[in-house]
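Notes follow once the structure below has been shown.
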Amino acid sequence: MFVQLNSVIIDSDETNRQELAGFLATFGVNLMGQYASTDALPQVLHRPDAPQLVIINLDPGAHENLRRVG
């Protein structure tokens, strides 16, 4: 049985987001969204089709980003 892995990338650097999106696509990972901050994370995680994988670059502001994720 084949399961599609859905993911979201959160990184303030657009170049990093694009590079990671390309890398994940080569492995068949479905990218549901790319965001510059964790602000959209609660809405994304409460969707019926919520992603199984969320990649977050904590910099800059690692302390604040960890607080939001928590």
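Computed from a predicted model, the values in this text were never measured in an experiment.
Side chain of Gln52 to main chain of Leu5: no donor-acceptor pair is present (N/O by atom type, distance under 3.5 Å, no hydrogens or angles).
A distance of 11.0 Å separates CG in Leu53 from CG in Asn30, rounded to the nearest 0.5 Å. Between the CG atom in Asn57 and the CG atom in Leu20 there is a gap of 9.5 Å [rounded to 0.5 Å]. Interatomic distance, Asn16 CG to Ile55 CD1, rounded to the nearest 0.5 Å: 11.5 Å.
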Name the atoms and distances for all side-chain donor-acceptor pairs under 3.5 Å in residues 38-47, with sequence neighbours left out.
from	atom 1	to	atom 2	distance (Å)
Asp39	OD1	Arg68	NH1	2.9
Asp39	OD2	Ser37	OG	3.2
His46	ND1	Pro42	O	2.7
Arg47	NE	Asp49	OD1	3.0
Arg47	NH2	Asp49	OD1	3.2
Arg47	NH2	Asp49	OD2	3.0

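Within the structure, every pair that satisfies the ring pair (Phe, Tyr, Trp, His ring centres under 6.0 Å) test and touches residues 13-36, not counting sequence neighbours, is listed here: Phe23-Phe27. Among pairs with a residue in residues 3-32, none fulfils salt bridge (Lys or Arg N to Asp or Glu O under 4.0 Å), at least two apart in sequence or across chains.
Nearest heavy-atom pair across Val29 and Gln4 is C-NE2, 3.8 Å. When all heavy atoms of Ala21 and Gln34 are compared, the closest pair comes out as CB-NE2, 3.7 Å.
Leu31 and Val54 fall into different hydrophobic clusters, where Ile, Leu, Val, Met, Phe, Trp and Tyr side chains are chained together by heavy-atom contacts under 4.5 Å.
With a 4.5 Å cut-off on side-chain heavy atoms, Leu24 and Ile9 count as touching.
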